[in-house]
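One structure is given below, encoded as structure tokens.
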Amino acid sequence: MGSHRRLAPSGFDRGSAAAVGLLSVAAAVLGAVPATAAPAAPRDDRRADVDRLHTEAEQATEAYNKADARTDALRKEIGTAQDSIARQQERINSMRDALGSLAGAQYRSGGIDPSLALLLSADPDEYLDRASVLDRISTRQAGELRELRQAMRDLAQDRAEAAGKLTELEKSRKAVAAHKKTVERKLAKARALLNSLPDDERAGYERGSRSGREDLTALTGAGGPASGRAGAAFAAARSALGKPYVWGANGPTGFDCSGLTQWAYAQAGVGLPRTSQAQSGTGRRVSLSEARPGDLVAYRDDASHIGMYAGNGQVIHAPYPGAPVRYDPVGMMPVSSITRV
């Protein structure tokens with residue numbers, strides 16, 4: 001921003017000097033910028049901005065994971081539908097061939113059965129309507145034609161559903177790409193802000209991030225895992241300590257928050273949904289005083305972050321880019337729910 005300097009009155013008459021004085025007063029009233037550069041934002045504000053950006057990036061990551069999981073599911077559904085459509089078409093072709101052979105044999109023997117019309121029409125419904133008044137179609141042929149008609153209807157419906165899923169898949173792909181850009185943009189801003197802090201403050205942020213909240217250790221339960229699978233999942237989560245946070249990843253070399261808990265429970269033979277919001281709704285809710293190792297601890301009102309209770313008032317979680325999987329106090333953020341899987 002440019003600066004404004006007050007000009008000396010030399011060379012001006014008294015009226016000009018007075019005018020300059022009035023202009024100076026007006027400039028001050030209007031907030032004229034001093035000649036010195038504006039100071040940088042306070043460091044505490046920058047640290048708060050880093051926290052905010054990490055939170056927003058985590059929320060966008062959860063949206064990305066949800067869209068990505070839906071995309072994967074749609075791909076599988078479309079693959080299954082296409083296989084079914086191919087089998088249905090093969091069956092229809094076989095039925096047409098069988099009916100056509102029968103009609104051809106009747107024609108060669110001197111009679112023209114209405115079945116022959118089926119080969120000349122793409123609409124079995126219309127054929128059956130006409131054939132029903134002719135009394136020249138056998139019971140067996142009528143049954144075969146009705147079966148063919150139903151098969152063709154099923155095939156048309158399945159094709160329409162597959163087309164709808166393909167359209168949804170394209171929308172989901174676009175959503176994935178949009179969420180990915182949002183995450184990358186916010187993480188880049190957070191990295192730039194962190195890099196703007198002096199080394200000692202940056203190290204202090206790392207030590208103090210998400211751990212300066214209310215101490216909830218006294219409120220948490222004690223004891224071992226509530227079940228064998230919870231114990232196996234907890235052991236898997238501990239084996240991931242020190243591995244990097246990688247947004248959108250669910251192991252085994254890197255994790256985001258819900259990716260870690262999903263992977264840990266997969267090692268115990270339990271399938272969890274991909275997002276933290278969905279995971280928080282899986283299983284039975286317990287209170288903080290009842291928490292046992294292996295329980296899932298969701299944070300914030302929107303459950304956009306999740307970790308695994310580790311006992312002694314701590315959780316294991318994947319915090320954010322640049323911070324590896326680690327232990328942190330359970331009260332590092334506002335707890336929204338605790339779920340026992």
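The model shown is predicted, which means the values in this text are computed figures rather than measured ones. The basis for the numbers below is simple: all heavy atoms, side chains too, and nothing from hydrogens, waters or symmetry mates.
Judged purely by atom type and a 3.5 angstrom limit, Gln279 uses its side chain to pair as donor or acceptor with the backbone of Ser258. With Arg340 contributing its side chain and Glu290 its backbone, the two residues share a donor-acceptor pair below 3.5 Å. Here the side chain of Asp83 pairs no donor or acceptor atom with the backbone of Thr80 at under 3.5 angstrom.
Among residue pairs with one or both ends in residues 229-241, none qualify as side-chain hydrogen bond (donor to acceptor under 3.5 Å, both in side chains); sequence neighbours excluded. Here ring-ring contact (aromatic ring centres under 6.0 Å, His included) pairs that include residues 227-252, with residues two or more places apart or in two chains, are Tyr64-Trp247.
When the shell of 6.0 Å around NZ of Lys186 is examined, it contains more than 12 heavy atoms from other residues, nucleotides or ligands.
Residues meeting the side chain to side chain donor-acceptor pair (under 3.5 Å) test with Gln88, sequence neighbours left out: Ser84, Asp158. Shown here are the salt bridge (Lys or Arg N to Asp or Glu O under 4.0 Å) partners of Glu161, two or more places apart in sequence or in another chain: there are none. Taking Gln267 as the reference, nothing meets the side chain to side chain donor-acceptor pair (under 3.5 Å) condition, with sequence neighbours excluded. Applying the salt bridge (Lys or Arg N to Asp or Glu O under 4.0 Å) rule to Arg87 yields no partners; only residues at least two apart in sequence or on another chain are considered.
Note on Arg326 versus Asp328: salt bridge recorded, some NZ/NE/NH1/NH2 to OD/OE distance being below 4.0 Å. For Glu168 and Arg173, the salt-bridge test fails: no basic side-chain N is under 4.0 Å from an acidic carboxylate O. Note on Arg274 versus Asp256: salt bridge recorded, some NZ/NE/NH1/NH2 to OD/OE distance being below 4.0 Å.
In terms of heavy-atom proximity, Gly223 sits nearest to Arg292 at C-NE, 3.9 Å.
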